[in-house]
Engineer: 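Sharing a structure here in structure tokens format.
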Amino acid sequence: MPFIPHTENEINTMLESIGVKQIDDLFGEVPKALRAGELSNIPVGLSEMQMTQLMTERGAQDGRPLCFIGAGAYDHYVPAAVWQITTRGEFYTAYTPYQAEASQGTLQLIYEFQSMMTTLTGMDVSNASVYDGASSLAEAVLMSVRANRKSKSKRILVPRNVNPTYRSATHTLVKGQNIELVDIDYDKETGGISLDSLKAFEGEDFAAVVIQQPNFFGSLEDVDAITDWAHANNALVIGVVNPLAMSILKPAGLWGGAGADIACGDGQPLGAPLSSGGPYYGIMCCKKALVRQMPGRIVGRTVDEEGKEGFVLTLQAREQHIRRSKATSNICTNQGLVVTASTIHMSILGAAGLENAASQSHLNTASLVEKMCAIDGVEKMFDSVSFHETVIKLNKPAKAVVDAMTEANIIAGFDLSEAYPELGDAILVCATEQRTTKEIDQYVSALTKALGEV
Amino acid sequence: MPFIPHTENEINTMLESIGVKQIDDLFGEVPKALRAGELSNIPVGLSEMQMTQLMTERGAQDGRPLCFIGAGAYDHYVPAAVWQITTRGEFYTAYTPYQAEASQGTLQLIYEFQSMMTTLTGMDVSNASVYDGASSLAEAVLMSVRANRKSKSKRILVPRNVNPTYRSATHTLVKGQNIELVDIDYDKETGGISLDSLKAFEGEDFAAVVIQQPNFFGSLEDVDAITDWAHANNALVIGVVNPLAMSILKPAGLWGGAGADIACGDGQPLGAPLSSGGPYYGIMCCKKALVRQMPGRIVGRTVDEEGKEGFVLTLQAREQHIRRSKATSNICTNQGLVVTASTIHMSILGAAGLENAASQSHLNTASLVEKMCAIDGVEKMFDSVSFHETVIKLNKPAKAVVDAMTEANIIAGFDLSEAYPELGDAILVCATEQRTTKEIDQYVSALTKALGEV
Amino acid sequence: MLIFEHSKVGLHKKNDAQLTAIPASMRRGESAALPEVSELQAVRHYTRLSTKNFSIDTHFYPLGSCTMKYNPRVANSIALMPEFAARHPLAPEKFSQGFLSCMYELQEMLCEVTGMKGFSLAPMAGAQGEFAGIAMIRAYHDANGDHERREILVPDAAHGTNPATATMCGYTVKEIPTLADGDVNIEALAAAIGPQTAGLMLTNPSTLGVFERQIQKIAKMIHEAGGLLYYDGANLNAILGKIRPGDMGFDVIHSNLHKTFATPHGGGGPGSGAIGVSERLIPFMPIAGVIKDKESFRWANKSDYAHSIGHLSAFFGNPGVLIRAYVYMRLLGREGMTRVSEFSTLNANYMMAEMKKAGFEAAIPDRFASHEFIITLKKQAKELHVTAMDFAKRLLDLGYHAPTTYFPLLVPECLLIEPTETESKEDLDGFIKAMVQIQQEAENDTQLVTTAPHTMPVKRLDEVRAARQLDLSWTVTQTTG
Amino acid sequence: MLIFEHSKVGLHKKNDAQLTAIPASMRRGESAALPEVSELQAVRHYTRLSTKNFSIDTHFYPLGSCTMKYNPRVANSIALMPEFAARHPLAPEKFSQGFLSCMYELQEMLCEVTGMKGFSLAPMAGAQGEFAGIAMIRAYHDANGDHERREILVPDAAHGTNPATATMCGYTVKEIPTLADGDVNIEALAAAIGPQTAGLMLTNPSTLGVFERQIQKIAKMIHEAGGLLYYDGANLNAILGKIRPGDMGFDVIHSNLHKTFATPHGGGGPGSGAIGVSERLIPFMPIAGVIKDKESFRWANKSDYAHSIGHLSAFFGNPGVLIRAYVYMRLLGREGMTRVSEFSTLNANYMMAEMKKAGFEAAIPDRFASHEFIITLKKQAKELHVTAMDFAKRLLDLGYHAPTTYFPLLVPECLLIEPTETESKEDLDGFIKAMVQIQQEAENDTQLVTTAPHTMPVKRLDEVRAARQLDLSWTVTQTTG
Ligand SMILES: Cc1ncc(COP(=O)(O)O)c(C=O)c1O
Ligand SMILES: Cc1ncc(COP(=O)(O)O)c(C=O)c1O
């Protein structure tokens, strides 16, 4: 019986102690009509060996294609030490650190994580994570509505060049509270948000303005100008940031005159494997004044009875287990283990390591784009500065091209036609620091071939 | 500077403390003529990411062929927990447990290992491992010469059906001490050692007789009869055993009337991945009376100053660091980490798990052999009982057949022609518990095809 | 020591990459103040730090409502296989059949074992599953033009995420009292139900560790009033394979895969709160599910769900967690499911029986426990001034993680004890022995208990100071100052 | 508690496989008395057990002569990649080019960094490397018909494996005394050399932690007498990339890859004692090496080495260790090699300087240390009755693994301290501070030191009892009795 440590003898002793004849008697209170039959749609159990064989086959079906796609999840290198330590039983199989004295490992680690996130984003405080980038934006929106004392509005300005799934998920998560996300269109030339387009909203009341840096098209926004405009209009600023980009870009806390009020985004680029989309984690940082409106776990440093330094979950009165229906959020379990990995990842790489990965990704994508654009019928969609993603316009159907390139074992990029039909045949490409010159050249010749064929 | 934790500032402080100007001054005593130049044949350093990419490519070159070969290394399933725990830093990066108080983890584990090996082999005592199966036979031979009080001989009877590389390595390792390995031929019908062939040696003086169970041809020997014959002739008995087979076969300690005197062999089937041939470990068990002749580390249970149970390296007076030129062996570092894995492996599987793996391997090989022999021109070489390997006679050149089967991504077996030219075109095949019926059928059709083509 | 305190400025080197394409005004001035340490320093720091945690792999961890069972190591190694770990979420379907087939089968198995008709793996924890469920209930009423239903009923024993979720979905929460025997107060419930009722959230067995015997009646009452039933599946471990929420009449449920299906809790997550629905809620399911078309698998799109509540996450929940749950379910198989509930129930009832014999007071003494049970230490608190928290802290000294304390809120000085099916009798007995020892200490050497723990890396921590003098991150000035 | 003490008879189930083909007389009667525990019990037992060890990943571990440096984690993950971990040793060359190319390049890199002409990766530890080397020396003399050379010279400071190996190869051992300054006594050496001399085994820098300054002269003396020079490369870390044994005149060397090349020591192994040879010994190399033919790689066979000493192991040494060493060397690259010796030497000399300032007595005070150095506590032993072992045990309490004690044998009450290049100044300073603290304790509270350790899982263990009342394995009767 896998994972059950009882012998027949022990079972009998235990039943005797309870005073019943058989285990099934313990379910005696359950109405007979509710007893389940055989679970015939569940296969019979496999041994660990059979399971490993099965999953090796399943994995082989998917292969290991070359990844030139980002769109919110990035193929960065993670040092081997990161997950070897993260999966130590003491981190891997612990619960949320409710019993502080028996959880100082996790608690100190989260405190270190919070410290790393604040220096990276330039914000005052960080929590211990929310679910992912999309949910971090939703929580930031909810938080901004609670926190903005200058505005009574439940409307949020959200540029169309913010990750479309983030926008959609945020809508799902906030609409129950009658919060409205108001679109701002991007500039057709640059793909970015121009001050001109903001002018149309002047005088209206918004709880917050969202800025994604770099935006979903991979381009850099004029964050200073937008931040100042928002603050001048009594709106808070929510920065959706790529934390790896933060290592070389101006951190959210320094945007404009006063800095963003909330920084959120997805922590995936900092040590989480792509893993089909998760587990990643949502970043949630803010200015000190807003900390009591922040959702999720927060760890604080304190002392024990003998004055020795130690760490605890703090400000718990914000949370659902205390405040119940009046909590800042319903979040309970977060993405702890990925935070653990991320903290170790940042410790091993340090700022220099992150900067190296960020700038090499920037340069690799630039090189890819340059080589692509040398092909007839391929050009950059926008006149803008890219971090490590760029929108490319094709003269052939994007979907067909992407499909054709799978033959060369390449994921060619993200087809934008569904989310941005107005762009025509366009794909969003990305070459992280992991892509070699050889692989970039492979991409370019596969693209040349594909364009000839479709 | 990978792995160097010094800043410029610290380097300067340290040099100052020492009283030199630069690091190179510390090498001032070295004659100038001996200073090395640039190491131009060593490539420049790679980043961890580049290294991982390189090794992923190298691994892909070798692929993952289906393994139907044994010949001393067997493709058994190892539960995932085994190496995840074994590679915890505390086991992985500790040294030999010289400081007992700071090494109770490793020491207790070795004590448990010794206990497991003795119950598995039926012997009284076990050491903490020697290098591998081949070196364990060599050490057993040296030990038998030291230990046999009834014989002054330096001659050892070694059947030709003992693993040929073990025999060759043993020869290398013992010839310096003028020990002679005397061949006994195997029976041409059964591949085993018959009492008749032993009769020829009656009356001669031998320090020991070696028996491999199962022998290199995969067949079971009449260990009782051979053991009794050896003892009757004042020779010790050295059993070379497959420890997984020991879970279902009569253990060496119970062979004949008095049991084998020394049991050795390779621990690989108990949790070591194939890993191109190592690290595995050598088993070394013996009767209690011989323990002071045993080479290698031995852990004993004792108590501390307060009477608390604890573990230490014991009987160290046998070893090179104490006895120097008079030690039982020159062995120092052994195969500790694999012993760790093996101990965890045996704990998770238990006797039942080992027996299941052993019997399923037995049955899979029997099924493979049956299906093979249904092909025209393919037959069993010997009339004998197999454990999980069998010699198969082919009507086409063995090497060519094995080569042809690589096209089907199959390692077809071990070509015996070099070690046993007298057998003609013969291969030794093995199907462990990991080989599925589908894979066995794949083998059979690939063989049919290969025989048709070569 | 913090990792920052090992840091040495100048240790790490930057490549001299040319970032001329990025205007200086958009670039960062100073580098982030991340630690600069060697790989060995980082490895050593976090290896040592880890040993300051209790965990399943090191300790019995009977945390009620949390199902701290063994997390099979093979699930971890499979999830980290490069083919799964390096798979991009937006990979074309050609590179996805292996992964998608696992997710599809996981959906199917969850349907079967819960009796639901559709399953979505998107929610990233129990609370997000609750959100998705309540959002679907709201979308359902909205689709029916039933806009006046603004209230969600929640028993007072419910987990905090239940009321918090209802609020997040724009509902008001009405609490329903519980009877002394642990069942819902049916009269109070009847009184609370009305045309404003959108639905009821229920855990069964409840967080009091007993099975709600009136469940069929309750379901009928809610349904007849036009409401829907939500099942908080945090306690699914108690009934797995024996009783199916779908058969009890629930319209939507979540299952905490990080509890019932043995994925690790990782010191705070990640989890998965996969949700199952009855037939009528299928059109409302969140994006994205996996659909089987003949022999191949594809992602569901909006057209597959007429009234989808939309996305919950950027991609597809937490696939790394889902792979682990899939592996676990396939290892157990059909017959293993029932074993889970049987042995978790056996363990809980055995512990309760033995602890009662040892003189402890069970909160609901005359019923069978489910997979967990509650001990109340109100007598000890009153007579000896030793609280449930004191017992909890002293347990740490004796090598046992504390049970859940002070939850559910309605039982005074309570310990909610959930041993799970993967713990051996040896460990249950050890825990009981420890409790008896603490009881004796409480009587004879009270201070030893009230000042525990004594053997942990720290003694009791000053939580008030932590909340008042907020110190939430390290800054350089702290070491130099 | 032993894993056996958690065992419950009847827990595990056997398949009912039909083994009818195997006669009952050959089968086992009773099953082996292995523990019967659940996977969680095994995982928990060994996870907890591991935490009773000191290790590089948790502690500074300045064990002299052992080079306990950081073992890069990436080497572990690469060695465990399925393509390498599941590769059968006898796989056809078609399935072997990736692996063989790594092994070939490793041979080449080792040649380059040591100045030797050929390298064999076959030996499975340092001692087996020594064996192979001395066996080659013997085979060389034999091939020359030079059968009268029956003696190997070994300095008295040598590691125990040196004389033990010589014996194993059928040689007699003659010890050569060492001077107070750490160099070999050249006159004694000259007197010992003769027509019976087969060779000399030497470590340089020696185990006394100093460089043998007369090495060129010594090499000349031996060679002129017809003997060969063996280099014990356990200390190669001290000179890596800066000085090459081949240039010093050695004919054969071994290198402990588990020391200099950062593969883990695994609590006692596995290791690799790869051996390098000068031109004249190439024909004597052990089987099996890797040979490059045009663009493909193959195993060497007997015909590649005219006088091979033969096999040393069943397959090819310890490839899992070799892969790790290969990864490490490629990570360091050309320029990284020299850095190893420079920083290990800097660390050792800094510690020696600081400890001398703190009042400790260096065994060889007036020379530069190599990558290790010796402190002698003979004064403390005499005046305070506190021994080197007492210091060693007390260090454990303070969180430092003890240095090597009582080796080399010729220095009384010695600690052989090797910090390695991967330790930070912070940790070196911490160790020195601890030594100063112990010195003060030895003066003021002697017993605290002489009864240490006080914070380990056990106090000092009774080694005499262990050797006299041999208890080497658990048997069922031990618990029932
Ligand atoms: C009864 C109950 N409901 C809901 C939850 C919330 O689940 P999660 O923490 O995964 O969000 C929990 C978890 O603590 C719980 O115990
Ligand atoms: C100087 C010296 N020579 C030889 C050896 C033997 O190496 P191994 O333990 O790998 O057999 C050692 C290792 O302890 C050593 O320190």
Side-chain angles (χ1 to χ4, degrees), chain B residues 5 10 14 18 23 39 41-42 44-45 55 58-59 61-62 89-90 92-96 101-102 104-106 114-115 118-120 131 134 168-169 172 176 273 275-279 300-302 304-305 310 314 320-321 324-325 327 330 332-337 347-348 350-352 356 359, chain D residues 12 14-15 17 31-34 42 49-50 52-57 78 83 85 87 89 94 98 112 124-125 127 160 163-165 167 169-170 173 264-271 310-311 314-316 318-320 333-334 342 349-350 353 424-425 456-459 461-462 466 471 473-474:
Chain B
E10 289 175 326
M14 293 167 81
I18 302 169
I23 295 180
L39 306 168
N41 273 341
I42 297 183
V44 296
M55 294 306 274
R58 296 273 167 100
Q61 268 184 282
D62 292 352
E90 295 93 328
Y92 188 72
T93 73
Y95 203 78
T96 301
E101 299 86 352
Q104 287 296 300
T106 291
Q114 291 171 179
S115 306
T118 52
T119 182
L120 206 51
Y131 303 129
S168 148
T172 303
S275 189
S276 296
R301 179 154 66 166
T302 184
D304 75 1
E305 288 169 358
T314 192
Q320 45 73 31
H321 61 288
R324 300 178 71 85
S325 66
N330 71 339
C332 176
T333 290
N334 58 28
Q335 305 285 113
L337 196 71
S347 297
I348 290 177
N356 290 342
S359 45
Chain D
H12 289 162
K14 267 183 260 186
N15 299 341
S31 287
L34 293 175
L49 211 49
S50 77
K52 297 188 178 176
N53 274 357
F54 277 29
S55 67
I56 305 178
D57 277 8
I78 287 176
E83 289 81 359
R87 192 183 162 281
K94 181 180 165 198
E112 177 77 355
M124 287 181 288
T165 297
T167 303
C169 290
V173 174
H265 206 277
H311 286 102
F315 300 106
F316 179 58
N318 282 330
R334 184 186 301 170
E342 290 187 342
N349 280 283
Y350 169 71
S424 68
K425 178 169 176 298
M456 295 290 105
V458 289
K459 309 206 79 176
L461 291 157
D462 188 342
D471 174 357
S473 60
W474 182 88

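In what follows, every chain begins at residue 1, and chains take the letters A, B, ... in the order their sequences are listed.
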Engineer: When heavy-atom pairs shorter than 4.5 Å are enumerated against chain B, which of D/Glu342, D/Lys52, D/Lys459 gives the highest number?
Structural biologist: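 Looking at each option in turn, the highest pair count goes to D/Lys459.
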
Engineer: Sort out for me which of B/Ala327, B/Ser276, B/Ser359 touches chain D most, counting heavy-atom pairs under 4.5 Å.
Structural biologist: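 Looking at each option in turn, the highest pair count goes to B/Ser276.
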
Engineer: Taking every non-hydrogen pair under 4.5 Å, which of B/Gly176, B/Ala94, B/Ala351, B/Gly336 racks up the most with chain D?
Structural biologist: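 If we count pairs closer than 4.5 Å to chain D, B/Ala94 comes out on top.
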
Engineer: Between B/His321, B/Met55, B/Glu10, who has the most heavy-atom pairs with chain D when the cutoff is under 4.5 Å?
Structural biologist: B/Met55

Engineer: I'd like to know if the side chain of B/Thr93 reaches the main chain of D/Ser55, judged simply by a donor and an acceptor atom lying under 3.5 Å from each other, with no hydrogens or angles considered.
Structural biologist: no

Engineer: Side chains of B/Arg58 and D/Ile78: closer than 4.5 Å at any heavy-atom pair?
Structural biologist: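 A side-chain contact is absent here, since even the closest heavy-atom pair is not under 4.5 Å.
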
Engineer: Looking only at heavy atoms, which two atoms of D/Ala164 and B/Arg324 are closest? And how far apart?
Structural biologist: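 Heavy atoms of D/Ala164 and B/Arg324 come nearest at CB-O, 3.4 Å.
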
Engineer: Would you mind telling me which of D/Pro319, D/Gly320, D/Ala353, D/Pro457 has the largest number of heavy-atom pairs within less than 4.5 Å of chain B?
Structural biologist: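 Most heavy-atom pairs within the cutoff with chain B belong to D/Pro319.
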
Engineer: Which residues satisfy the side-chain contact (heavy atoms from CB on, under 4.5 Å) test with D/Thr167, sequence neighbours excluded?
Structural biologist: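 side-chain contact (heavy atoms from CB on, under 4.5 Å) list for D/Thr167, sorted by chain: B/Ser325, D/Val173.
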
Engineer: Counting heavy-atom pairs under 4.5 Å to chain B, which of D/Asn318, D/Asp57, D/Asn349 comes out on top?
Structural biologist: D/Asn318

Engineer: Show the nearest heavy-atom pair for residues B/Thr333 and D/His265, with the distance to one decimal.
Structural biologist: OG1-NE2, 3.1 Å

Engineer: Highest number of heavy-atom pairs under 4.5 Å with chain D: which of B/Asn334, B/Ile23, B/Ile348, B/Thr118?
Structural biologist: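 When all of B/Asn334, B/Ile23, B/Ile348, B/Thr118 are compared, B/Asn334 has the most.
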
Engineer: I'd like to know which of D/Pro163, D/Gly268, D/Ala42 tops the heavy-atom pair count under 4.5 Å against chain B.
Structural biologist: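 Between D/Pro163, D/Gly268, D/Ala42, the count favours D/Gly268.
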
Engineer: Quick one: pull up OG1 in B/Thr314 and CG in D/Asp471 and give me the separation to the nearest 0.5 Å.
Structural biologist: 10.0 Å

Engineer: Who wins among D/Ser424, D/Ala32, D/Pro264 for the most heavy-atom pairs under 4.5 Å with chain B?
Structural biologist: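 Highest number of pairs under 4.5 Å: D/Pro264.
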
Engineer: Do you know the tightest heavy-atom contact between D/Trp474 and B/Ser115?
Structural biologist: N-OG, 2.7 Å

Engineer: Determine the option with the most heavy-atom pairs under 4.5 angstrom with chain D, choosing from B/Asp62, B/Leu337, B/Thr302.
Structural biologist: B/Asp62

Engineer: So which atom in B/Gln335 and which in B/Pro279 form the shortest heavy-atom distance, rounded to 0.1 Å?
Structural biologist: NE2-CB, 3.5 Å

Engineer: Can you tell me which portion of B/Thr96 sits under 4.5 Å from chain D's heavy atoms? Options are side chain, backbone, both or neither.
Structural biologist: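 For B/Thr96, the contact with chain D is made by backbone and side chain together.
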
Engineer: Would you mind telling me which of D/Asn53, D/Leu34, D/Leu49 has the largest number of heavy-atom pairs within less than 4.5 Å of chain B?
Structural biologist: D/Asn53

Engineer: Suppose we screen for ring-ring contact (aromatic ring centres under 6.0 Å, His included). Which residues come up paired with D/His12, at least two apart in sequence or across chains?
Structural biologist: none

Engineer: Among B/Ala134, B/Cys332, B/Ser347, who wins on heavy-atom pairs under 4.5 Å with chain D?
Structural biologist: B/Ser347

